[in-house]
Amino acid sequence: MKKVLTKAFLGMCALGTSAVAFAQDVAEPVVETGFHQALKIKFIEGDAGFMSTIAIALILGLAFVLERIIYLNLADTSADKLLKGIEAALDKGDVEAAKAIARDTRGPIASIAYQGLLRIDQGIDVVEKSIVSYGGVQGGLLEKNLSWITLFIAMAPSLGFLGTVVGMIMAFDKIEQVGDISPTVVAGGMKVALITTVGGLVVALILQVFYNYLLSKLEAILNKMEDASISLLDMVIKYDVKYKK
């Protein structure tokens with residue numbers, strides 16, 4: 001009886017060892033074919049030269065995106081608090097206090113208000129022209145570097161299509177060398193062609209999403225600037241009526 005139990009125990013141990021070994025054999029390919037490993041393999045298969053240029057386009061594009069996100073978020077300040085402070089100062093006839101409020105506030109709206117207040121003694125027409133002119137300057141600063149992002153959005157798929165053409169040329173070269181048009185002969189070139197195209201399109205899509213976000217942020221700030229400029233002109237007119245009779 002003891003011999004039977006011993007044999008059964010040894011058999012179960014051997015079965016367990018076999019199961020563990022089988023599980024390890026199955027699990028190892030999963031680790032090796034993880035996302036990062038698969039991405040690395042496809043990067044190499046897509047021709048490292050062309051895939052590197054696509055990756056550089058992505059990195060540079062994201063760098064400009066990050067810079068614009070930081071800049072626009074810093075520029076997107078509360079206009080209501082600023083305008084209320086300027087209005088309260090002008091109601092008291094204290095132009096210097098209104099200038100100090102605009103000067104000490106961050107953002108394009110405060111800069112436009114400060115330029116207008118600097119010329120408040122020169123008449124409403126001069127103030128209006130100053131606000132419009134400096135508003136254009138601030139708008140240009142807000143739009144700065146967006147053209148670079150659009151450049152990389154256009155470049156990424158173009159580089160991918162260039163890799164496609166090169167991959168097709170490689171496939172035809174193989175056909176010419178071997179003298180056969182079998183799938184195994186052209187598979188390498190076709191793989192390069194498809195992978196580079198996918199890489200370029202993915203990069204363009206990523207940058208396009210961020211670009212649209214930046215455009216929506218920019219439009220919101222520009223609308224605030226226009227509303228604030230109109231409100232500031234109204235304040236200047238009230239100040240002229242009240243203190244320049």
Side-chain angles (χ1 to χ4, degrees), residues 26-76 108 136-223:
V26 173
E28 284 178 358
V30 174
V31 174
E32 291 178 356
T33 57
F35 176 76
H36 296 289
Q37 186 68 18
L39 186 63
K40 180 180 178 182
I41 292 171
K42 293 302 179 184
F43 186 90
I44 296 172
E45 289 178 347
D47 190 285
F50 282 103
M51 295 300 291
S52 296
T53 57
I54 295 173
I56 290 172
L58 175 62
I59 293 170
L60 293 177
L62 289 177
F64 283 111
V65 164
L66 181 61
E67 184 271 336
R68 282 294 89 188
I69 288 176
I70 294 173
Y71 185 89
L72 292 178
N73 278 285
L74 291 175
D76 190 13
V137 173
Q138 290 296 317
L141 292 175
L142 292 172
E143 295 174 358
K144 185 180 177 182
N145 291 335
L146 288 180
S147 59
W148 286 104
I149 300 174
T150 57
L151 173 64
F152 291 118
I153 290 173
M155 278 183 60
S158 298
L159 290 171
F161 293 142
L162 180 60
T164 301
V165 174
V166 172
M168 296 299 294
I169 293 173
M170 291 170 57
F172 284 113
D173 285 341
K174 286 286 183 66
I175 294 172
E176 184 179 9
Q177 291 174 5
V178 179
D180 187 11
I181 199 171
S182 62
T184 55
V185 174
V186 299
M190 294 296 293
K191 184 181 291 186
V192 171
L194 295 175
I195 292 175
T196 53
T197 301
V198 171
L201 292 175
V202 168
V203 169
L205 288 172
I206 293 172
L207 294 179
Q208 186 67 55
V209 170
F210 284 112
Y211 180 73
N212 284 1
Y213 166 76
L214 291 173
L215 282 183
S216 64
K217 190 78 173 176
L218 174 63
E219 290 175 357
I221 296 174
L222 291 176
N223 288 333

J.: Would the number of heavy atoms belonging to other residues, nucleotides or ligands and lying under 6.0 Å from OH of Y71 be above 12?
T.: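 More than 12 heavy atoms, drawn from other residues, nucleotides or ligands, come within 6.0 Å of this atom.
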J.: Decide side chain to side chain contact (heavy atoms under 4.5 Å, CB included) for I153 and L205; before the verdict, give the C-alpha distance in whole Å, the side-chain angles of both, and the deciding distance to 0.1 Å.
T.: CA-CA 8 Å; I153 290 173; L205 288 172; over 6 Å; no
J.: Using 0.5 Å steps for rounding, measure from the OG atom of S52 to the CG atom of L159.
T.: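 If I round to the nearest 0.5 Å, the distance is 11.0 Å.
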J.: Measuring from L214:CG to F64:CZ, what's the distance to the nearest 0.5 Å?
T.: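 Rounded to the nearest 0.5 Å, the CG-CZ separation comes to 12.5 Å.
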J.: Hey, does L62 have a side-chain heavy atom less than 4.5 Å from the side chain of F152?
T.: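 F152 does not reach L62 side chain to side chain.
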J.: Using modelled atom types and a 3.5 Å cut-off, is there a donor and acceptor pairing between side-chain atoms of D76 and backbone atoms of L72?
T.: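 No, because the side chain of D76 does not come within donor-acceptor range (under 3.5 Å) of the backbone of L72.
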J.: For N223 and E219: C-alpha separation, side-chain torsions, deciding distance, then whether side chain to side chain donor-acceptor pair (under 3.5 Å) applies.
T.: CA-CA 6 Å; N223 288 333; E219 290 175 357; over 6 Å; no
J.: Verify side chain to side chain contact (heavy atoms under 4.5 Å, CB included) between K217 and N73, making sure each step is shown before the conclusion.
T.: CA-CA 8 Å; K217 190 78 173 176; N73 278 285; 3.5 Å; yes
J.: Would a 4.5 Å heavy-atom cut-off, applied to side chains only, mark Y213 and V209 as touching?
T.: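 A side-chain contact under 4.5 Å is absent here.
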J.: For a 4.5 angstrom cut-off between non-hydrogen side-chain atoms, does P108 reach L141?
T.: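 The answer is no, as the side chains (C-beta and beyond) never meet within the 4.5 Å cut-off.
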J.: Within a strict 4.5 Å, meaning less than it, do heavy atoms of the T150 and L207 side chains meet?
T.: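 A side-chain contact under 4.5 Å is absent here.
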J.: State, with a plain yes or no, whether a side-chain heavy atom of I54 is found less than 4.5 Å away from one of L58.
T.: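 No, side chains not in contact.
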J.: Do you know which two heavy atoms are closest between S158 and A154, and how far apart they sit?
T.: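 Shortest heavy-atom separation between S158 and A154 comes out as OG-O, 2.9 Å.
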J.: Spell out, as yes or no, whether a donor-acceptor pair under 3.5 Å connects the side chain of R68 to the backbone of I149.
T.: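 Looks like no, no N/O pair under 3.5 Å.
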J.: How long is the gap from CG on L222 to CG on L215, to the nearest 0.5 Å?
T.: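 CG of L215 is found 10.5 Å from CG of L222.
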J.: With a 4.5 Å heavy-atom cut-off, do L60 and W148 have their side chains touching?
T.: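 Sidechains of W148 and L60: no contact.
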